[in-house]
Amino acid sequence: MNRTNKQHGFTLIELIIVIVILGILAVTAAPKFLNLTGDTHKATLNSMVGTLKSASDLVYSKSIIQGVNKLETGSVDIDGDGTGDINTEYGYPSDDRATGITLAMSDDFATEWAWSTRNGPQRVVLTSAKLSQSGAGQKINNVPITTGDCFITYIAPTAVDTKPTITATLTGCN
């Protein structure tokens, strides 16, 4: 009787070569599919846009109660002490970076976010040091505020019964 032992399977060298090829593919292809940093930055800005809209709507609600929602410029008393806390334009927070929309945000907003009014009147540009990657352009608190970067623009309303324009520019989020 003649017996032949045939073994089936891969040799150790073949397995090592396949593992190396898969490793090379993973290293070169994964970053193209997993841009998690950019997605995180975009999600942060979109979330902040929602927060700004909610904050401005709350200030507007207070302005209706206090009867200043039709005034071109006014102020709203948020804490009930009888003095105006947030400057308003047609009832919504103004575009003033010191007395407007930024005061409607939480206490850590001023330390976590930078804002500038460099893009003209009735406009506040907001960005975060954690989101901004560009080294060019004007800097506020050492945070670049540049076109094409990750930032939010707040434009106060210019007429009665209009809302502020709050948009996120996401082209430079990476």
Side-chain angles (χ1 to χ4, degrees), residues 35-174:
N35 183 10
L36 297 179
T37 304
D39 292 343
T40 303
H41 292 173
K42 289 175 185 177
T44 300
L45 282 183
N46 284 327
S47 173
M48 184 55 71
V49 166
T51 303
L52 287 166
K53 286 180 180 179
S54 295
S56 65
D57 286 342
L58 288 172
V59 170
Y60 185 71
S61 298
K62 279 283 211 177
S63 73
I64 291 172
I65 293 168
Q66 296 174 14
V68 296
N69 60 311
K70 303 284 184 190
L71 299 177
E72 183 177 358
T73 59
S75 64
V76 172
D77 178 18
I78 297 295
D79 56 10
D81 65 357
T83 59
D85 298 314
I86 298 175
N87 288 348
T88 59
E89 296 177 22
Y90 299 106
Y92 286 98
S94 74
D95 54 18
D96 187 287
R97 70 182 200 170
T99 61
I101 185 63
T102 55
L103 289 179
M105 304 304 289
S106 67
D107 292 338
D108 62 345
F109 181 80
T111 57
E112 293 289 324
W113 291 78
W115 59 93
S116 167
T117 53
R118 81 160 176 90
N119 286 338
Q122 297 180 330
R123 185 172 299 200
V124 176
V125 179
L126 305 138
T127 192
S128 169
K130 296 172 185 166
L131 303 181
S132 189
Q133 304 293 321
S134 173
Q138 181 179 354
K139 294 185 179 185
I140 304 297
N141 301 331
N142 294 320
V143 178
I145 311 276
T146 59
T147 304
D149 207 356
C150 271
F151 62 88
I152 300 169
T153 305
Y154 177 90
I155 302 173
T158 56
V160 176
D161 297 327
T162 60
K163 289 186 165 226
T165 305
I166 305 169
T167 56
T169 301
L170 307 173
T171 56
C173 296
N174 52 17

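Numbers for residues simply follow the sequence, beginning at 1.
The distance from atom NZ of Lys53 to atom CG of Leu58, rounded to the nearest 0.5 Å, is 14.5 Å. Atoms OG1 and CG, from Thr51 and Asn46 in turn, are 10.5 Å apart once rounded to the nearest 0.5 Å. Rounding to the nearest 0.5 Å gives a distance of 11.0 Å between OH of Tyr90 and CG of Asp161. Distance check: Ile86 CD1 to Met105 CE gives 10.5 Å after rounding to the nearest 0.5 Å. The distance from atom CG of Asp95 to atom CD of Glu89, rounded to the nearest 0.5 Å, is 4.5 Å. Atom CD1 in Ile166 sits 6.0 Å away from atom CD1 in Ile101 (nearest 0.5 Å).
Of all non-hydrogen atoms in Lys70 and Val160, the two that sit nearest each other are CD-CG1, 3.4 Å. Between Thr169 and Leu45, the closest heavy-atom pair is O-CD1, 3.9 Å. The two residues Asp77 and Gln66 make their nearest non-hydrogen contact at O-NE2, 2.8 Å. Of all heavy-atom pairs spanning Val49 and Ala168, the tightest one is CG2-CB, 3.7 Å. Heavy atoms only, all atoms of each residue included: Gly100 and Pro93 are closest at C-CB, 4.1 Å.
Using a 4.5 Å cut-off on side-chain heavy atoms (C-beta onward), Asp57 and Tyr92 make contact. At least one side-chain heavy atom of Leu52 sits under 4.5 Å from a side-chain heavy atom of Ile152. Using a 4.5 Å cut-off on side-chain heavy atoms (C-beta onward), Tyr154 and Pro164 make contact.
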Practice prompt. Could you walk me through whether Val68 and Ser63 pass side-chain contact (heavy atoms from CB on, under 4.5 Å), step by step?
Written response: CA-CA 5 Å; Val68 296; Ser63 73; 3.6 Å; yes
Worksheet item: Taking it one step at a time, do Thr165 and Thr167 satisfy side-chain contact (heavy atoms from CB on, under 4.5 Å)?
Response: CA-CA 6 Å; Thr165 305; Thr167 56; 4.0 Å; yes
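Judged by distance alone, the side chains of Thr99 and Asn87 do bring a donor and an acceptor atom under 3.5 Å apart.
Residues forming a salt bridge (charged side-chain N to carboxylate O under 4.0 Å, His left out) with Asp85 (at least two apart in sequence, or on another chain): none.
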